[in-house]
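Beneath this line is the structure, given in structure tokens, with notes to follow.
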Amino acid sequence: MYDPTVARLTYRALLGRRRALILGALPLLLIAISLVVRALAGADDQTASDLLGGLALATMVPIIGVIAGTGAIGPEIDDGSVVYLLSKPIKRPTIIFTKLIVAIAVTMVFSAVPTLIAGFILNGNGQQIAVAYTVAALVASIAYAAFFLLLGTVSRHAVVFGLVYALVWEALFGSLVPGARTLSVQQWSLAVAHEVAGGDMVTSDVGLTTATVLLVAVTVLATWYAGQKLRSLTLAGEE
């Protein structure tokens, strides 16, 4: 289910100079803001939770997920180079699964690692806040990568749709409309973070069991459907 050649090509595409600069911008901004906040306000648990929840988990993680998930396959479909990949004797689910693993790895590195660093800068991991939000970023990275990889497979405007979801649904509706929070990857990951923190500093509108089921369901279904769409794309090219 994992092809090293496909993985190497995907890593090369995602970590090219231009995309790497984009991927690194938000993590650097998060760390810089954390340094300023710590210098001005000192170590404060509530401030750390607000910043990690509002900037890291609600904004940085989904945007990086959009870049990594759609970038893992979208550009190849847009420029037609995917035809050369599909002509190789590699199973279509293997291609999707390999690209998903790469997208997850990139999303985790560029979101979870800076979240952990920022958390330790802000309050030294007081009340397990840094670790809790890092775990949330790791969990969210898996679901976001799968969902945005699917978008990259089915739409030529995947980046636009992904940013709309990340910035409008997750950041706006997810914070203002109670019902929308149930269908939010952010809230599902926060449920896991709440379990890790074990206090009231990290909260979620979704229970842990529900969040776990939905995270797994979205990841599995998005990966499966992306494989089916890639299979259809192969048939269309052969016709």
Side-chain angles (χ1 to χ4, degrees), residues 15 19-69 104-145 148 162-178 180-181 184-206 208 211 215:
L15 299 178
R19 190 168 277 115
L21 288 175
I22 298 174
L23 285 169
L26 279 174
L28 290 176
L29 178 62
L30 173 65
I31 293 173
I33 292 176
S34 300
L35 288 169
V36 173
V37 170
R38 177 61 186 265
L40 296 177
D44 182 77
D45 293 343
Q46 187 61 57
T47 300
S49 181
D50 291 343
L51 184 58
L52 294 179
L55 179 56
L57 193 62
T59 303
M60 182 184 70
V61 181
I63 290 179
I64 291 177
V66 170
I67 298 171
I104 289 174
V106 171
T107 306
M108 284 182 172
V109 169
F110 282 91
S111 61
V113 173
T115 298
L116 181 64
I117 295 173
F120 273 96
I121 291 172
L122 288 166
N123 76 332
N125 194 38
Q127 298 195 53
Q128 293 292 306
I129 290 175
V131 171
Y133 277 105
T134 299
V135 171
L138 291 171
V139 170
S141 294
I142 299 173
Y144 281 134
F148 294 131
L163 289 175
V164 168
Y165 174 83
L167 299 178
V168 178
W169 183 267
E170 290 274 16
L172 183 60
F173 283 95
S175 61
L176 299 178
V177 183
R181 297 171 188 168
S184 167
V185 175
Q186 177 190 345
Q187 291 296 321
W188 304 342
S189 59
L190 280 172
V192 180
H194 173 72
E195 187 70 15
V196 174
D200 296 329
M201 297 303 300
V202 183
T203 60
S204 174
D205 293 335
V206 183
L208 180 61
L215 283 166

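Along the sequence shown, the residues carry numbers beginning at 1.
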Task: Intermediate values then yes/no, side chain to side chain contact (heavy atoms under 4.5 Å, CB included), Arg19 and Ile67 - done: CA-CA 8 Å; Arg19 190 168 277 115; Ile67 298 171; 3.7 Å; yes
Is there side-chain contact between [X] and [Y], with at least one heavy-atom pair below 4.5 Å?
X	Y	value
Ser141	Ile64	no
Met108	Ile142	yes
Val37	Ile121	no
Ser49	Gln127	no
Leu23	Leu15	yes

- [ ] Please assess Arg38 against Phe120 for the test side chain to side chain contact (heavy atoms under 4.5 Å, CB included), listing each intermediate value before the final yes or no.
- [x] CA-CA 10 Å; Arg38 177 61 186 265; Phe120 273 96; over 6 Å; no
Indicate yes or no for a side-chain donor-acceptor contact from [X] to the backbone of [Y] under 3.5 Å, with no hydrogens or angles considered.
X	Y	value
Tyr133	Ala193	no
Asn123	Asp45	no
Ser189	Gln186	yes

Open item on the list: Using the rule given for side chain to side chain contact (heavy atoms under 4.5 Å, CB included), can you reason through Leu190 versus Asp205, listing the C-alpha separation, both sets of side-chain angles and the distance that settles it, and then say yes or no?
Closed with: CA-CA 9 Å; Leu190 280 172; Asp205 293 335; over 6 Å; no
Open item on the list: Going by side chain to side chain contact (heavy atoms under 4.5 Å, CB included), Leu52 matches just one of Leu57, Leu122, Thr47. Which one?
Closed with: Leu122
